[in-house]
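All ligand and atom numbering here is 1-based and tracks the order in the structure. None of these values were measured; they are calculated from a predicted model.
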Amino acid sequence: MGEDWQQELRDSLRRPEQIALRFGLNLQMVREIARFFRVQITPYYANLIRAKGDPFYRQVVPDPAELRSDGVLDPLAEDEDSPVPSIVHRYPDRVLFLVSHCCASYCRFCTRKRKVGDPKKIHPQAIEEGLKYIQNHPEVRDVIISGGDPLMLSDRQLEYILFSLRQIPHVEILRIGTRMPCFLPQRITKRLVNRLRRYHPLYVNVHFNHPDEITPQAARALNRLADAGIPLGNQTVLLRGVNDDPLIMRHLMQKLLTVRVRPYYIYQADYVKGTDHFRTTIEKGLEIMEALRGWTSGLAVPYFVIDAPGGGGKIPILPKYVQEITAEKVVLRNYQGETFVYPQVKEKKEIPEIKVPCVDLEANLPWR
Ligand SMILES: *Cc1c(COP(=O)(O)O)cnc(C)c1O
Ligand code: SF4
């Protein structure tokens, strides 16, 4: 694999003239869209595109539908949960740490369109403030390094962040969220991986939306990470015209397992301004979940979640397997639609109370 990822990045399609010419688009339209959200496609990913409107094309090539005004800029109200510009602190024990404003290619459906691609919104100086915030918040035991794409930083910059976080005693686990194995697999160099492995426990979550994105190059990048002992998870966004099909999704999840990536989340597309043409119904997601559970390995079944509008966090959405609960029985449905009855416990009162002196875990949780 060529190790010169910076050259590949420099050769990316980004000038509106280039984009319009390559894809036969109206130049004015491309310019207008690029003013709102950056356009950039790595040569590697551009080569996956086989036809206008195919799943790869739709993810990265600008579409006039992006100029429609429905949707909101910050649907997850992340800015309200942002104590300093680089931190989103929504959950009790973990934070998002936004360390880079840029990406190798720009997904037209990006939830953080309002920030990503704009150096004023995710500023390098904000990294210091973020580190201070985490230092001063002992309840933070899990840091999700995100952006933009953190692997757009140089090895040195990234290592500075990992090293600094590892100096903070209450930070237990580190996670990196990146789309590089999909957009620019050359970025996963031996040198990078040898640096990453010094900061365990380190998890990496990647982002693949279609089985054909797992090319031999992507597989090699993922294998390098896995060989360094980095547990890999995948986040997929459910997108109309890309992967809103139970068979495509099942194939994607199964293929991820063959390259040692555990499917983690399928996201319902957020209500982001300029991305309405990507949204599907919730029922489509449920249909996909039904086509996974039971029909293939449990390892291949991620959680289907909706990030609650207004900032309520991720909420799992499940097909209705529990059909009825009464004092006597629970009526269940299996993956094939057959019904089963599980008898309830009769006398709940008879269970003897266990009197073992033990630490009250709940009361000792740091955020109580
Ligand atoms: C998704 C997310 C996390 C991480 O959530 P997990 O369910 O632990 O993966 C943390 N903070 C914010 C703001 C998030 O959106
Ligand atoms: S890689 Fe992630 S942050 Fe970057 S444009 Fe795509 S979805 Fe947004």
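No donor-acceptor pair closer than 3.5 Å links the side chain of Arg94 to the backbone N or O of Ile144.
Annotation for ligand 1: atoms under 4.0 Å from non-hydrogen atoms of Val88 are 13 (C). For ligand 1, the atoms sitting less than 4.0 Å from at least one non-hydrogen atom of Tyr265 are 6 (P), 7 (O), 9 (O), numbered in the order shown with element in parentheses. For ligand 1 and Ile144, the ligand atoms under 4.0 Å from any heavy atom of the residue are 3 (C), 4 (C), 10 (C). Heavy-atom contacts of Tyr264 reach the following atoms of ligand 1: 6 (P), 7 (O), 8 (O), 9 (O) (cutoff under 4.0 Å).
Looking at Lys314 against ligand 1, only its side chain comes within 4.0 Å, counting heavy atoms. When non-hydrogen atoms are compared, ligand 1 lies under 4.0 Å from the side chain of Arg175 (C-beta onward) but not from its backbone.
The single protein non-hydrogen atom nearest to atom 2 (Fe) of ligand 2 is His207 ND1, 4.5 Å, given as residue, atom name and distance. Among all protein heavy atoms, the one lying closest to atom 11 (N) of ligand 1 is Tyr91 CD1, 3.5 Å.
Among Val305, Leu96, Asp81, the residue whose heavy atom lies closest to atom 12 (C) of ligand 1 is Leu96.
Taking distances strictly below 2.8 Å, the protein N/O/S atoms close to atom 8 (Fe) of ligand 2 are Cys110 SG.
For residues 158-190, the ring-ring contact (aromatic ring centres under 6.0 Å, His included) pairs, not counting sequence neighbours, are Tyr45-Phe183.
Results of the side-chain contact (heavy atoms from CB on, under 4.5 Å) test with Leu96 over His89, Arg90, Glu78 single out Glu78 as the only residue that passes. If you run side-chain hydrogen bond (donor to acceptor under 3.5 Å, both in side chains) between Arg279 and each of Asp276, Thr281, Thr275, only Asp276 comes through.
Nearest approach of Phe37 to Arg108, heavy atoms of both residues: O-NH2, 3.2 Å.
Cation-pi geometry between Lys273 and Phe36 is met: the NZ or CZ atom falls under 6.0 Å from the ring centre, inside 45° of the normal.
Shown here is Arg156, whose CZ atom has no more than 12 heavy atoms of other residues, nucleotides or ligands within 6.0 Å. Applying the 6.0 Å contact sphere to CD of Glu80 captures no more than 12 heavy atoms from other residues, nucleotides or ligands.
In terms of N/O distances under 3.5 Å, ligand 1 is approached by Arg94.
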Yes or no on salt bridge (Lys or Arg N to Asp or Glu O under 4.0 Å) for Arg38 and Asp118, after CA distance, side-chain angles and deciding distance? CA-CA 8 Å; Arg38 251 168 97 166; Asp118 183 350; over 6 Å; no
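In this structure, Phe23 has its ring center closer than 6.0 angstrom to the ring center of Tyr57.
Going from atom CD of Glu290 over to atom CD of Gln336 covers 11.5 Å, rounded to the nearest 0.5 Å.
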